[in-house]
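In what follows, a structure is listed as structure tokens, so that the remarks can point back to it.
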Amino acid sequence: VHAATDIYCVGCNELFGQLLQRGISQQRIHLTGIPLMPQFKRPPDVESARRKLGIDPRRKTIVVTGGQYGIGIVEAVHDLVKSNADYLTLVTTGQSPAEMDSLKRLAARHSSQIRVLDWIEDMSTVLSAADVIVGKPGGLSVSESLACGRPFFATCSLGGQEKHNIDFL
């Protein structure tokens with residue numbers, strides 16, 4: 001809290017309440033949530049999302065995301081493939097060329113189990129197609145998953161805000 005701050009934009013009711021308790025006027029606090037792309041206001045239902053992605057609507061689907069830099073997803077996808085379960089794993093790698101190359105090689109060997117997606121403009125469709133989302137618990141990944149009504153399984157955490165996100169989940 002700083003005297004020179006005119007307006008506080010907070011992501012949740014808990015922070016709103018904490019600022020009130022610290023003497024900040026309600027008029028100076030705006031509950032904004034984490035800003036998400038407009039597509040997350042009305043994400044598609046599971047069947048529509050799967051059809052749009054060319055996936056059988058009845059097939060169990062996992063989305064694995066590593067955030068912008070694809071941290072830790074090769075190991076997670078490899079472990080999913082070893083399980084030999086009958087589900088499709090959609091993988092988003094962000095902007096990590098090394099991760100993308102490794103995952104494309106893995107997908108070539110297991111084409112019925114893995115689909116690697118290049119840069120995605122409409123993440124709401126990808127996330128809505130999932131039965132579960134697996135990934136690093138960054139703020140946007142968690143918020144987008146929750147906006148689509150999907151469970152989120154955190155694979156690793158860099159601490160700090162990600163630790164808070166895990167506690168929140």
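Note that the numbering runs from 1 along the sequence shown for the chain. Because only heavy atoms are used, hydrogens play no part in the values below, and waters and symmetry mates are left out as well, while side chains stay in. The structure displayed is predicted, hence computed values, not measured ones.
With contacts defined as side-chain heavy-atom distances shorter than 4.5 Å, the pair Asp86/Lys60 does not qualify. Residues His110 and Thr89 are not in side-chain contact: their nearest non-hydrogen atoms beyond the backbone lie 4.5 Å or more apart. Using a 4.5 Å cut-off on side-chain heavy atoms (C-beta onward), Val134 and Ile62 make contact. Leu117 is listed as a side-chain neighbour of Leu90, based on a closest heavy-atom distance under 4.5 Å. Between Ile55 and Arg115, some side-chain heavy-atom pair lies under the 4.5 Å cut-off. Residues Leu15 and Tyr8 are not in side-chain contact: their nearest non-hydrogen atoms beyond the backbone lie 4.5 Å or more apart. Here the side chains of Tyr87 and Val132 are not in contact, with every heavy-atom distance at 4.5 Å or above. Taking the side chain as every heavy atom from C-beta outward, Thr92 and Met123 approach each other to under 4.5 Å.
Nearest approach of Asn165 to Gly138, heavy atoms of both residues: ND2-C, 3.5 Å. Across every non-hydrogen atom of Gly139 and Ile34, the tightest pair is O-CD1, 4.0 Å. Pairing each heavy atom of Arg59 with each of Gln113, the nearest pair is NH2-CA, 4.3 Å. Ala49 approaches Thr125 most closely through the heavy-atom pair CB-O, 3.3 Å. Taking all atoms of both residues into account, the shortest heavy-atom contact from Ala76 to Thr155 is CB-CG2, 4.4 Å. Heavy-atom minimum distance, Leu127 versus Cys148: CB-SG, 4.0 Å.
There is a path of hydrophobic side-chain contacts, each under 4.5 Å, that joins Met100 to Val81. In this structure, Phe152 is not a member of the same hydrophobic cluster as Val46, with clusters built from ILVMFWY side-chain heavy atoms closer than 4.5 Å. Grouping the Ile, Leu, Val, Met, Phe, Trp and Tyr side chains by contacts below 4.5 angstrom, directly or via other members, places Leu31 apart from Ile7. Residues Val10 and Leu36 do not share a hydrophobic cluster, clusters being chains of Ile/Leu/Val/Met/Phe/Trp/Tyr side chains in contact below 4.5 Å. In terms of hydrophobic clustering, with Ile, Leu, Val, Met, Phe, Trp and Tyr side chains grouped at heavy-atom distances under 4.5 Å, Phe168 and Leu19 are assigned to different clusters.
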Original post:
For Ile166 and Val142, what are the C-alpha separation, side-chain angles and deciding distance, and is it a side-chain contact (heavy atoms from CB on, under 4.5 Å)?
Top reply: CA-CA 9 Å; Ile166 290 171; Val142 169; over 6 Å; no
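Asp131 places a side-chain N or O within donor-acceptor distance of the main-chain N or O of Thr61, the cut-off being under 3.5 Å. One N or O on the side chain of Ser145 and one on the backbone of Ser141 form a donor-acceptor pair closer than 3.5 Å. A donor-acceptor pair is defined here as one N or O able to donate and one able to accept, closer than 3.5 Å; no such pair exists between the side chain of Ser124 and the backbone of Pro43. Not one N or O on the side chain of Arg50 forms a donor-acceptor pair closer than 3.5 Å with the backbone of Asp56. Side-chain atoms of Arg150 come within 3.5 Å of backbone atoms of Ala130 as a donor-acceptor pair (strictly under, hydrogens ignored).
We find the CG-NZ distance between Leu106 and Lys104 to be 13.0 Å, quoted to the nearest 0.5 Å. Atom CD of Gln39 and atom CD of Glu121 lie 8.0 Å apart (nearest 0.5 Å). Atom CZ of residue Arg22 and atom CD1 of residue Ile29 lie 11.0 Å apart, to the nearest 0.5 angstrom.
Residue-environment remark: NE2 (His30) exceeds the threshold of 12 foreign heavy atoms within 6.0 Å.
Checked for salt-bridge contact, Asp167 and Lys163 meet the test: a charged N lies under 4.0 Å from a carboxylate O. By the 4.0 Å N-to-carboxylate-O rule, Asp79 lies close enough to Lys82 to be salt-bridged with it.
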